[in-house]
Amino acid sequence: MDINTLYNEWLKKAVADPDLKTELESINGNEEEILDRFYRCLEFGTAGLRGVIGAGTNRMNYYTVCQATQGLADFLNKHFESPSVAIGYDSRIKSDYFSIEAAKVLAANHIKVYLYKELQPTPCISFAIRHFKTSSGIILTASHNPAKYNGYKCYNQNGYQMTDEEAAETYDFIQKIDYFTDIKTMDFDEALDKGLIEYMGDDVIDAFLDEVVKQCVNPDIIKNAGLKVIYTPLNGTGNKPVRKILDRIGVKDVYIVPEQENPDGNFPTCPFPNPEIKQAFECALKMAEEVKPDLLLATDPDCDRVGIAVKDGNGGYKLMSGNEVGAMMLNYLLSQKKEKGTLSSNSIAVKSFVSTDLAEVIAKKYNCTFKNLLTGFKYIGELITELESQGRADDFVMGFEESYGYLAGTHARDKDAVVASMLICEMAAFYKSKGKSLAQVMDSLYDEFGYYLNIVSSYTFEGASGMEKMAGIMDGLRSNPPKSFADMPITVVDDYKTSVSLNIADGTTSVIELPKSNVLAYTLTDGNKIIVRPSGTEPKIKAYITAIGKDKESAQSIADKLMADADALMR
């Protein structure tokens with residue numbers, strides 16, 4: 001079907017949501033706008049769907065959401081005798097509407113739905129899946145993307161995002177569904193009356209928070225530390241659960257950024273609600289001039305990631321990276337558990353392989369087993385599930401990704417900014433009682449282990465030609481491999497696509513025991529490193545630089561040279 005025929009079909013048949021017809025009528029005759037909405041269908045992968053909200057096959061709307069849900073229903077009915085699904089949503093535009101419509105489709109397919117009655121963080125869906133023992137879970141969210149986006153993320157029965165195989169099979173079902181004739185649905189109130197849809201009660205959130213608070217290590221110190229915190233939920237889902245958990249552990253002096261307190265999918269004061277960037281902290285930093293807190297916290301709209309700013313010693317505040325917070329949190333948990341005698345002799349910590357190697361060095365100090373996994377928190381969720389099946393759940397200390405995602409405890413199988421916010425505040429209170437700021441604690445780790453400078457550089461390649469360019473760069477690195485970076489010889493090459501690790505010195509190889517992925521990692525002398533990987537969701541190649549020096553200046557000097565060589569590869 002050509003683009004204009006498809007457009008006209010939607011113009012005639014897309015009547016379920018009146019916003020769609022209004023939008024379609026407004027672009028009548030505008031070939032460029034029509035093409036953008038219909039030149040492709042949103043693809044369903046391990047991260048589900050994600051796209052701009054609007055009319056068309058390349059948009060998030062009633063029909064694309066319901067088509068995905070019908071395909072998911074067919075997948076679940078094939079594999080489960082009596083399937084059930086937990087559904088949640090965040091503060092984004094139409095998230096609540098999409099969650100209701102998805103629930104109606106599942107109910108019409110005789111699938112029991114447990115629905116949160118108000119917006120909740122993403123980790124609460126992971127928790128609910130395990131709490132109700134459902135077959136799957138859905139969260140309507142686009143994480144930290146700009147306001148015009150929404151998304152549809154799917155989980156399996158273990159509480160982590162679908163595996164590649166599960167997502168591929170579900171996508172096969174989705175592609176067979178006609179938007180206008182094949183989607184089953186039913187009246188919402190009828191589904192409620194028949195018990196096919198059930199609202200989750202406050203007891204589920206309370207149970208989630210009960211599990212989170214169990215990760216607290218030094219509760220007595222927190223209550224008397226006098227910690228002062230500014231918190232912004234960035235108009236997302238974190239407002240209630242983060243405030244509740246901080247109150248539970250005794251952090252009473254919490255100031256909320258008023259213009260970012262309540263849910264608002266337009267994100268009026270923060271167009272990019274991403275705690276990785278300074279812009280997300282602008283309102284909080286302005287508030288800090290008067291409040292003068294010890295710590296600033298910002299959670300993204302679906303509250304699975306958290307960023308922080310801490311006193312810099314000069315009367316201002318500095319943002320800490322996800323790598324720094326992950327390393328510092330790991331050191332705190334390991335040191336305090338060891339001191340209290342609660343550290344398992346078989347303890348294990350984990351991170352995505354592009355995150356800082358400082359964490360691995362810290363774990364070694366405490367005889368904690370450390371694992372590096374592929375990027376994507378589902379791999380950390382899989383590891384936790386495997387530990388649990390072996391009766392080793394208590395051995396898990398924490399997992400993290402450099403992109404500000406952390407998890408301590410096994411209550412969820414996804415990153416959790418509620419537990420992370422709690423532990424960051426606990427950590428800040430503990431060190432404050434010792435007369436130290438978190439910035440000073442991080443400096444002491446650098447003094448002890450060396451300065452690990454981690455930089456991520458993204459290279460964008462737009463359009464079809466861009467995809468060819470990206471493939472050519474990766475192929476070139478394999479067919480004509482570099483021998484050095486920044487005048488430092490490469491000692492080890494890890495090719496995650498072929499699952500081969502090559503030791504350059506002696507020519508020996510070993511098998512990489514991880515799923516295959518189009519990634520190349522180059523280890524250089526003194527532990528410096530470059531990792532190159534195409535993005536799974538954007539037309540980008542990312543280069544992850546690790547530069548290790550005795551201090552920040554020496555590490556920066558190494559990083560600059562590594563970055564220059566990485567830039568040259570991307571031309």
Side-chain angles (χ1 to χ4, degrees), residues 90-91 119-124 126-127 143-144 205-206 208-219 221-223 225 227-257 260-261 263 273-276 280-281 284 287-288 293-310 317 319-322 324-330 332-333 377 398-401 403-409 411-412 414-432 438 441:
D90 70 0
S91 63
L119 73 175
Q120 296 294 348
T122 286
C124 291
S126 180
F127 176 82
S143 186
H144 56 279
I205 295 300
D206 290 339
F208 169 78
L209 295 176
D210 288 344
E211 292 302 312
V212 169
V213 81
K214 290 177 183 178
Q215 300 308 310
C216 200
V217 184
N218 281 305
I221 288 176
I222 300 169
K223 295 173 182 176
L227 188 73
K228 187 182 289 189
V229 178
I230 287 179
Y231 169 56
T232 171
L234 297 178
N235 300 117
T237 61
N239 186 35
K240 287 185 178 181
V242 171
R243 292 170 76 170
K244 283 181 180 179
I245 203 65
L246 295 187
D247 183 70
R248 277 204 193 191
I249 66 171
V251 182
K252 304 295 184 181
D253 209 357
V254 179
Y255 297 77
I256 310 301
V257 177
Q260 296 174 339
E261 177 178 6
N274 183 349
E276 294 185 50
F281 283 89
M287 190 177 181
D294 301 291
L295 175 69
L296 289 77
L297 287 173
T299 54
D300 66 342
D302 66 326
C303 196
D304 64 350
R305 304 187 314 135
V306 57
I308 70 172
V310 300
Y317 293 85
L319 272 63
M320 301 197 76
S321 72
E324 288 178 319
V325 174
M328 191 163 42
M329 190 185 298
L330 178 63
Y332 173 73
L333 290 173
F377 226 88
M398 69 168 285
F400 78 96
E401 293 184 331
S403 53
Y404 293 63
Y406 319 94
L407 175 66
H411 57 283
D414 207 344
K415 46 193 178 287
D416 178 7
V418 181
V419 74
S421 295
M422 182 193 77
L423 287 173
I424 288 166
C425 287
E426 177 187 332
M427 186 166 60
F430 173 81
Y431 288 119
K432 182 178 181 180
L438 290 183
V441 173

Practice task
Please lay out, stage by stage, how Ile205 and Cys124 fare under the test side chain to side chain contact (heavy atoms under 4.5 Å, CB included).
Solution key: CA-CA 7 Å; Ile205 295 300; Cys124 291; 4.1 Å; yes
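- With contacts defined as side-chain heavy-atom distances shorter than 4.5 Å, the pair Pro273/Asp300 does not qualify.
- Atoms CG and CG, from Leu119 and Asp90 in turn, are 7.0 Å apart once rounded to the nearest 0.5 Å.
- Side-chain contact between Phe281 and Leu319 is present, with at least one heavy-atom pair separated by less than 4.5 Å.
- Contact of the Leu407 side chain with the Phe400 side chain is not registered, since no non-hydrogen atoms from C-beta on lie closer than 4.5 Å.
- Contact of the Val254 side chain with the Leu297 side chain is not registered, since no non-hydrogen atoms from C-beta on lie closer than 4.5 Å.
- The CE atom of Met329 sits 5.0 Å away from atom CE of Met398, with the distance rounded to the nearest 0.5 Å.
- In this structure, the separation between CD on Gln120 and OG on Ser91 is 12.0 Å, given to the nearest 0.5 Å.
- Glu261 has no carboxylate O lying under 4.0 Å from a charged side-chain N of Lys240, or vice versa, which leaves the two without a salt bridge.
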Handout entry: salt bridge (Lys or Arg N to Asp or Glu O under 4.0 Å) assessment of Glu401 paired with Arg305
Key = CA-CA 10 Å; Glu401 293 184 331; Arg305 304 187 314 135; over 6 Å; no
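- Smallest separation of non-hydrogen atoms from Tyr255 and Met287: CB-CE, 3.5 Å.
- Within the 4.5 Å cutoff, the side chain of Pro263 has no heavy atoms near those of the Thr237 side chain.
- Considering all non-hydrogen atoms of both residues, Pro275 and Val306 come closest at CB-C, 4.3 Å.
- Leu296 places a side-chain heavy atom less than 4.5 Å from the side chain of Tyr317.
- Here the closest heavy-atom approach between residue His411 and residue Glu211 is recorded as CB-CB, 3.5 Å.
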Exercise for the section: Apply side chain to side chain contact (heavy atoms under 4.5 Å, CB included) to the pair Val418 and Leu209, showing each step before the final yes or no. Expected result: CA-CA 9 Å; Val418 181; Leu209 295 176; 4.2 Å; yes
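- Between the CD1 atom of Ile245 and the CD atom of Gln215 there is a distance of 10.0 Å, given to the nearest 0.5 Å.
- At a cut-off of 3.5 Å, with distance as the only test, a side-chain donor of Tyr231 or Thr299 sits close to an acceptor on the other residue.
- Partners of Asp416 according to the salt bridge (charged side-chain N to carboxylate O under 4.0 Å, His left out) rule, which considers only residues two or more places apart in sequence or in another chain, do not exist here.
- Side chain of Glu324 to main chain of Ser321: a donor-acceptor pair is present (N/O by atom type, distance under 3.5 Å, no hydrogens or angles).
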Exercise for the section: Begin with the C-alpha distance, continue with both residues' side-chain angles, and end with the deciding distance and a verdict on side chain to side chain contact (heavy atoms under 4.5 Å, CB included) for Tyr431 and Leu438. Expected result: CA-CA 7 Å; Tyr431 288 119; Leu438 290 183; 3.9 Å; yes
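- Remark: Asp206 CG to Lys244 NZ distance equals 6.0 Å, nearest 0.5 Å.
- Between Pro301 and His144, the shortest heavy-atom contact is CD-CA, 4.2 Å.
- Interatomic distance, Asn218 CG to Met427 CE, rounded to the nearest 0.5 Å: 12.0 Å.
- Partners of Phe430 by ring-ring contact (aromatic ring centres under 6.0 Å, His included), not counting sequence neighbours, listed by chain and number: Tyr332.
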Practice task
Decide side chain to side chain contact (heavy atoms under 4.5 Å, CB included) for Ile424 and Leu295; before the verdict, give the C-alpha distance in whole Å, the side-chain angles of both, and the deciding distance to 0.1 Å.
Solution key: CA-CA 9 Å; Ile424 288 166; Leu295 175 69; 3.8 Å; yes
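- The only member of Ser421, Pro121, Pro233 that meets side chain to side chain contact (heavy atoms under 4.5 Å, CB included) when paired with Val242 is Ser421.
- A 4.5 Å side-chain heavy-atom check between Tyr406 and Leu423 finds every atom pair outside the cut-off.
- Checked against salt bridge (charged side-chain N to carboxylate O under 4.0 Å, His left out), Asp302 has no partners two or more places apart in sequence or in another chain.
- Side chain of Asp414 to main chain of Pro123: no donor-acceptor pair is present (N/O by atom type, distance under 3.5 Å, no hydrogens or angles).
- Between Asp210 and Arg248, the closest heavy-atom pair is OD1-NH1, 2.7 Å.
- Closest approach of Lys228 to Pro293, counting heavy atoms only: O-CB, 3.4 Å.
- Residues Val229 and Val251 form a side-chain contact, since some pair of their non-hydrogen atoms from C-beta on lies under 4.5 Å apart.
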